Amino acid sequence: MSELQNTEALKLTCLYEEHLALQAKMSPFAGFMMPIQYSSITQEHNAVRHKAGMFDVSHMGEIFVEGPEAEAFVNHIFTNEIRGFGPGKVLYGMMCYPDGGTVDDLLVYREFEADHFLLVVNAANIDKDFAWIEEHAKGFNCKVVNASADWGQIAVQGPEAEKAVIEVLGFKEAAALGFYTFCDVTYNGKRLILSRTGYTGEDGFELYTTTDNTVEIWKRLLAAGVEPCGLGCRDTLRFEAGLPLYGDELSPEISPVMAGLGMFCKYDKDFIGKEALLDQKAGNIARKLVGIEIEDKAIPRAGYPVELEDGREVGIVTTGYHSISLDKSVCFALVDKEFAALDTLLSIRIRKKTFPGKVVKKRFYQTNYKK
Amino acid sequence: MSKILEGLKYSESHEWVKAEGNVAYIGVTDFAQKEMGDITYVDMPEEGDDVLAGEEFGALESVKASSELISPVSGVVLAANTELEDAPEKVNEDAFGSWIIKVEMSNAAELDALMDAAGYKAHIGE
């Protein structure tokens, strides 16, 4: 609690009292007071890999865009291609600055009502994103609404997530949903978006609904034995699955192309940042994000230097753990592009010692998404 | 409530020292292991390395964070507890039973600057 003076400005999610009741270890994250862990990161991580866990992700931002030119507008600020993707589908991509740097990574939902889109953005970026979106929407006939404060969100993740959503909550619709699709259901007379998405590498759902509904659903899942999981294991899970975290693997300085997320950028349309990203794709890029595995249990942490055998520094670690599911020390690192090829020998300096390792694929864990 | 043992010396950075003549066993306190959570790795010096009072001699790693180990006394490392290499969780299970390094002290008077059990209890506010 080193930032006591900021505590008063911290926002609370609708589930804050539930976290306190569970005696969660709480910490500030992205302007919110959030649960880091309830039992232990390892236990919660394993619950998601082998059974089912639930996360309070009510801090995420919900921005609605609607109007006759909503599609054209979203396609103008979003790297992925939303034309031709129908209602009930979810698409991952980024918003970029003209220089290719990343404003945020986000999910775009095409709603069932024509010309309606939901953009789900990172908590730390809600204000910045909303300002960016509003500013660029000026030339388009569409309305932009930041509804983040009105929505709660719970992620239910793991091989038993579908069972929990159907049997505990009664959402039979879940069975028919494919990965990255959603449907609208009603709960206590209020809208609930049931989305087969997540950030763990496992099958699972994200449930967006009113704050009252969110608290009730949390309690029901908890009573049914779904493991409450904090942001600690959310990070270890997403990391093993090769998923980036804005602020670590994406930022105004780290473009989607540098982060190896070029498949989410579509160039047969115009969007902000396209020219810069095309230029980077053609090779005009200094560093690339890679995975590195080291032959030791020591843990490469964010900020540690990546070196060649002769001690020359060629990169920096962005996220690293001793992977819980793989029992290996692995990390993401931004390295000079000439050292980014698979199997390149690179070392990590950890405190006073240097640990040899090599470049490996960023997806350390074999994901188990619903087909 | 964290466990605190009588008869040991304690540092502000949550290491304990058990002195037997000129030899000191050094570990971390129960309070420290609770704060760390699941410990996954213990970075230790090797036999023959020098340690200095107030300076880093290694680190504990949990899933989420690493925490430096600060030596409460000066001297030469007689042994590191290699059992912790394969079983770092022993620090969580029994912090006072899991010494990390064994040091031949060069200045046993440094022990006088450390806290006793009552002082350490007050230090952690329990």
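Owing to the predicted nature of the structure, the values given are computational and were not obtained by experimental measurement. Hydrogens, waters and symmetry mates play no part in the numbers below; they use all other heavy atoms, side chains included. Throughout, a chain's letter reflects where its sequence line sits, starting with A, and its residues are numbered from 1.
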* Using modelled atom types only, decide if a donor and an acceptor are shared between the side chain of A:K25 and the backbone of B:E35 within a distance under 3.5 Å. => yes

* Anything in residues 316-328 of chain A with a heavy-atom distance to chain B below 4.5 Å? Please list those residues in order. => A:Y321, A:I324

* Contact part of B:N92 toward chain A, heavy-atom cut-off under 4.5 Å: side chain, backbone, both or neither? -> neither

* Among B:A65, B:A59, B:G58, single out the residue with the greatest number of heavy-atom pairs under 4.5 Å to chain A. => B:A65

* side chain to side chain contact (heavy atoms under 4.5 Å, CB included) against B:I4, all qualifying residues, sequence neighbours excluded -> B:Y10, B:A117, B:Y120, B:K121, B:I124

* To do: For the pair B:D43 and A:K352, find out whether any cationic side-chain nitrogen is under 4.0 Å from an anionic carboxylate oxygen.
  => no

* Measure distances from B:E85 to the heavy atoms of chain A and classify the residue's part below 4.5 Å as side chain, backbone, both or neither. => backbone

* Tell me, for A:T42 versus chain B, whether the close heavy atoms (under 4.5 Å) come from the side chain, the backbone, both or neither. => both

* Is the closest side-chain heavy-atom distance between B:K64 and A:D235 below 4.5 Å? -> yes

* Asked: Who passes salt bridge (Lys or Arg N to Asp or Glu O under 4.0 Å) against B:E61, sequence neighbours left out?
  -> A:R301, A:R351

* Asked: Looking at residues at least two apart in the chain, or sitting in another chain, which of them share a salt bridge (Lys or Arg N to Asp or Glu O under 4.0 Å) with B:E20?
  -> B:K18

* Euclidean distance, B:S62 OG relative to A:I41 CD1, rounded to 0.5 Å -> 6.5 Å

* If you count the non-hydrogen atoms of other residues, nucleotides and ligands that lie under 6.0 Å from NZ in A:K361, is the total more than 12? -> no

* Structure fact -> Heavy atoms of A:Y304 and B:S66 approach each other most closely as OH-OG, 3.8 Å

